[in-house]
Peer 1: 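I am attaching a structure below and will ask some questions about it afterwards.
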Amino acid sequence: MKLKLFYSLKRKVLAVCLAGMILMALCVGGISLWTISHLTYDYEIQNMNHIVDTKATIINDELLRSENVVDYAANSVSREIKDPAKLRDPEFQHRMAEFVDNDFQNAKTDLNIICSYYLYYPSANVSALWKASDDRDEHFYDVLERQRTENSRVIPRHVLSFAYLMDEGQASWTQPYYSTYLKRYIISYLSPVYKDGVMVAIIGVDLDFQAFIDRLYANPPEGEHGMIILSDATGTVEYSPEKPLGVPLVDKDIHLKDTPSKVTEAGQTDRTMLTYTWAGEPSIAGIKTLRNGMNFIDLRQIPQIYDRTRKAFIQMGFGLIAVCILASLLPLYIISRLSERLQLVIEAAKEVGEGNYDVKLHDTQPDDIGELSRNFQAMAEKVAAAQGNLTYMSQHDVLTGIFNRMGLDKEVADWLKAHPASHGALVSLDLDGFKFINDLHGHMAGDEALRTLAKDLIESFGHDQIIGRNGGDEFVVFMKDTEPEQAEKVIKAFSSKVKTFTYDGETHAFSVSIGYTLYKGDGTSLSRLFHQSDTALYAVKLRGRNHYRIYDATMENLNRTSLGFNLETITKNLPIALLVSEAKPDGKILFVNKTMVEMLECRNIREFMEFT
């Protein structure tokens with residue numbers, strides 16, 4: 001064994017020596033290539049463009065989402081205003097304000113820099129909606145209501161922006177300004193609503209500009225760098241956390257040498273750089289235009305770039321010397337530790353191969369073997385977790401979270417095996433008219449009914465019982481350690497319980513049919529128990545559903561074929577228009593056939609419901 005290990009180490013040492021020489025050659029060549037590539041003018045341009053692109057992408061995302069919510073609200077209002085004369089109706093104005101408020105309430109949680117939103121009617125010179133936030137929290141108060149309470153009136157910025165929108169004629173961003181009412185620096189996005197060529201409404205949102213620029217200037221790039229600038233569209237004014245309304249760059253001895261047209265071109269592409277002078281030194285700038293017309297700039301002095309080049313060459317020389325020394329010492333260190341550390345990994349691999357994933361590798365060394373050990377440890381943990389997840393998913397229903405048929409069979413079979421002499425009851429349940437629920441309300445409503453039924457079963461029968469979904473709208477409960485009287489009491493109570501589910505804001509009642517059989521500790525097989533409870537269930541459904549029955553042998557001769565019908569089947573080939581509704585003055589429509597839909601020249605059920 002020792003001789004074999006010795007020969008094994010010889011091969012490993014030889015491999016390590018060769019690897020060391022190759023590694024040193026790769027390091028020297030790699031460091032040289034890496035250094036040269038990082039010292040080129042093209043790389044500096046790419047790096048600068050990458051910085052501005054990354055920052056701009058983050059901010060543009062929030063600007064775009066702000067535009068989307070305003071445009072969405074504007075489109076909603078435009079659709080509702082079919083007759084501009086309705087805008088003089090206070091009730092209609094209030095309803096429009098509620099639509100807009102709901103749109104912003106649904107979106108503002110993802111846009112933390114929103115501090116105000118509003119709806120304004122230019123023709124009536126009135127704000128129908130204006131909500132704002134005092135702090136950077138998610139609470140928005142009604143400004144108009146507060147003004148009425150305080151008997152004060154403040155002209156909002158969006159009223160003053162009406163003339164600006166008239167000039168623009170389309171949705172646009174404003175320049176930064178200070179809101180005396182909101183007590184903060186903001187920028188606004190305004191979207192007009194036109195009807196017959198006349199602007200009938202303005203919808204807008206205010207963003208906290210101070211938070212906007214604080215985020216841009218936060219976390220500057222590490223290492224030696226030039227200057228990060230948020231500028232106006234001309235690239236000559238800087239907006240900074242200290243000067244949110246802007247200060248000319250010439251005040252910082254920074255002068256643009258290019259034309260405004262080149263600023264616009266450079267902001268739209270990575271191939272064009274701007275030229276500046278900064279403190280008298282020639283400088284270059286990567287620039288990216290934001291959605292609101294501002295520019296994000298990375299400015300660097302050209303001499304500074306070449307200074308970093310010289311420092312990098314010096315660092316490269318010292319790095320090469322250090323690599324040569326480490327490459328010489330590395331084989332000696334690896335020889336002393338290689339066999340022991342690799343043996344631990346081999347033993348762990350054997351354990352995993354035998355199905356034992358509880359391995360412990362505590363190699364914290366920052367080298368390849370340490371990385372191998374940590375990755376192997378992580379792999380074993382992930383495989384163990386995946387095995388657990390697969391086991392859980394294979395035995396549970398995705399929709400309801402309770403057992404599926406495989407899980408039911410396993411759990412009940414395990415219990416019967418462990419308690420062969422105990423008593424119990426196997427209950428089969430079927431949601432009455434489930435296809436009718438799907439046809440009338442849609443499959444999403446059907447899914448909600450199934451989830452609700454699963455929760456009711458757990459609540460009524462208890463968490464300690466075996467509850468699962470057999471498939472479709474069929475559920476199964478196995479009542480453990482249960483006597484006949486107790487089983488009937490619980491089943492009767494559940495059958496009598498009022499069952500409802502809520503979907504799309506409406507509550508709907510439903511019922512279940514229940515069949516069950518008793519396990520008397522006599523060794524009856526699981527398949528036989530399922531057959532008996534299923535037979536009892538169909539006996540209930542043949543007698544009108546919404547009831548429960550216990551299995552008896554006379555049920556074996558029942559004819560099940562009478563169950564296979566529904567309204568759709570009955571009316572499919574009838575040349576009549578049929579509509580079924582609740583027997584109430586304002587009863588809901590429960591069923592309508594295709595002939596009725598076509599007779600009223602509707603394309604589908606949804607259009608028919610809207611028409612009626």
Side-chain angles (χ1 to χ4, degrees), residues 392 395-412 415 424-519 529-530 532-541 543-551 563 588 590:
Y392 179 88
Q395 298 179 4
H396 287 77
D397 179 52
V398 176
L399 179 64
T400 60
I402 59 179
F403 287 114
N404 58 18
R405 181 56 188 266
M406 181 183 294
L408 276 170
D409 288 348
K410 181 181 183 303
E411 289 294 317
V412 177
W415 188 87
L426 185 67
V427 186
S428 292
L429 306 96
D430 188 288
L431 198 155
D432 296 332
F434 179 66
K435 187 178 186 307
F436 189 70
I437 294 175
N438 281 335
D439 291 344
L440 182 60
H441 304 292
H443 288 279
M444 298 295 289
D447 291 346
E448 186 59 34
L450 295 175
R451 284 190 289 265
T452 302
L453 178 55
K455 295 176 183 177
D456 289 347
L457 290 174
I458 295 173
E459 179 181 334
S460 299
F461 287 88
H463 290 271
D464 57 334
Q465 303 296 2
I466 302 173
I467 302 174
R469 180 183 175 194
N470 196 27
D473 59 337
E474 297 182 6
F475 291 76
V476 173
V477 179
F478 186 82
M479 304 175 69
K480 302 181 292 186
D481 296 317
T482 304
E483 298 301 325
E485 297 80 7
Q486 181 185 2
E488 183 179 10
K489 179 180 178 182
V490 174
I491 294 170
K492 181 179 179 180
F494 179 74
S495 178
S496 303
K497 177 181 177 182
V498 177
K499 305 170 189 67
T500 62
F501 71 93
T502 301
Y503 175 73
D504 200 16
E506 295 185 4
T507 300
H508 308 277
F510 67 94
S511 62
V512 296
S513 299
I514 306 172
Y516 73 100
T517 186
L518 299 174
Y519 177 72
L529 292 175
F530 269 110
Q532 291 176 354
S533 65
D534 182 65
T535 301
L537 169 62
Y538 274 92
V540 172
K541 297 179 73 172
R543 294 196 177 188
R545 308 184 180 185
N546 192 20
H547 194 53
Y548 69 94
R549 292 191 67 183
I550 188 172
Y551 170 80
L563 291 177
K588 298 179 179 179
L590 301 178

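Everything numeric in this text was worked out from a predicted model, so none of it was measured.
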Peer 1: Classify the angle between the aromatic ring planes of His441 and Phe501 as parallel (below 30°), tilted (30 to 60°) or perpendicular (above 60°).
Peer 2: perpendicular

Peer 1: For residues Phe510 and Ala449, report the shortest heavy-atom separation together with the two atoms involved.
Peer 2: CZ-O, 4.5 Å

Peer 1: According to the interplanar angle, ranging from 0 to 90°, do the rings of Trp415 and Tyr519 count as parallel (below 30°), tilted (30 to 60°) or perpendicular (above 60°)?
Peer 2: perpendicular

Peer 1: Before you tell me yes or no, could you show the steps for Phe475 and Leu450 under side chain to side chain contact (heavy atoms under 4.5 Å, CB included), namely the whole-Å CA-CA distance, both residues' side-chain angles and the distance that decides it to 0.1 Å?
Peer 2: CA-CA 9 Å; Phe475 291 76; Leu450 295 175; 3.8 Å; yes

Peer 1: Measure the spacing between CD1 of Ile491 and OH of Tyr516 and express it to the nearest 0.5 Å.
Peer 2: 5.0 Å

Peer 1: Hey, could you give me the CD1/CG distance between Ile458 and Leu453, rounded to the nearest 0.5 Å?
Peer 2: 10.0 Å

Peer 1: Using modelled atom types only, decide if a donor and an acceptor are shared between the side chain of Ser513 and the backbone of His547 within a distance under 3.5 Å.
Peer 2: no

Peer 1: What pair of heavy atoms forms the shortest contact from Ala487 to Leu518, and how long is it?
Peer 2: CB-CD2, 4.4 Å

Peer 1: Is a donor from one side chain sitting under 3.5 angstrom from an acceptor on the other, for Ser428 and Asp534?
Peer 2: no

Peer 1: Could you tell me which non-hydrogen atom of Gly401 sits nearest to which non-hydrogen atom of Tyr392, and how far apart they are?
Peer 2: O-OH, 4.0 Å

Peer 1: Please determine whether a side-chain nitrogen of the Lys or Arg among Asp430 and Lys541 lies less than 4.0 Å from a carboxylate oxygen of the Asp or Glu.
Peer 2: yes

Peer 1: Can you tell me if Lys497 has over 12 outside heavy atoms packed within less than 6.0 Å of its NZ?
Peer 2: yes

Peer 1: Measure the OG1-CD distance between Thr482 and Gln465 for me, rounded to the nearest 0.5 Å.
Peer 2: 5.0 Å

Peer 1: Within this structure, what is the CZ-CD1 distance for the pair Arg545 and Ile514, rounded to the nearest 0.5 Å?
Peer 2: 14.0 Å

Peer 1: Tell me the closest heavy-atom pair linking Ile437 and Leu431, and the distance in Å.
Peer 2: CD1-CD2, 3.7 Å

Peer 1: Any chance you could measure Glu411, atom CD, to Ile467, atom CD1, to the nearest 0.5 Å?
Peer 2: 12.0 Å

Peer 1: Of all the heavy-atom pairs spanning Tyr551 and Gln532, show the shortest one and how long it is.
Peer 2: CD1-O, 3.3 Å

Peer 1: Please step through side chain to side chain contact (heavy atoms under 4.5 Å, CB included) for the pair Phe403 and Val476, ending with a clear verdict.
Peer 2: CA-CA 9 Å; Phe403 287 114; Val476 173; over 6 Å; no

Peer 1: With no hydrogens and no angle check, is any side-chain donor or acceptor of Asp432 less than 3.5 Å from a backbone partner on Asn546?
Peer 2: yes

Peer 1: Ion pair present between Arg451 and Asp447, side-chain N to carboxylate O less than 4.0 angstrom?
Peer 2: no

Peer 1: Taking the side chain from Ser533 and the backbone from Phe530, do they hold a donor-acceptor pair closer than 3.5 Å?
Peer 2: yes

Peer 1: How long is the span from the CE atom in Met479 to the CZ atom in Phe461, to the nearest 0.5 Å?
Peer 2: 5.5 Å

Peer 1: Donor-acceptor pair, distance only, cut-off 3.5 Å: does the side chain of Lys499 make one with the backbone of Phe494?
Peer 2: yes

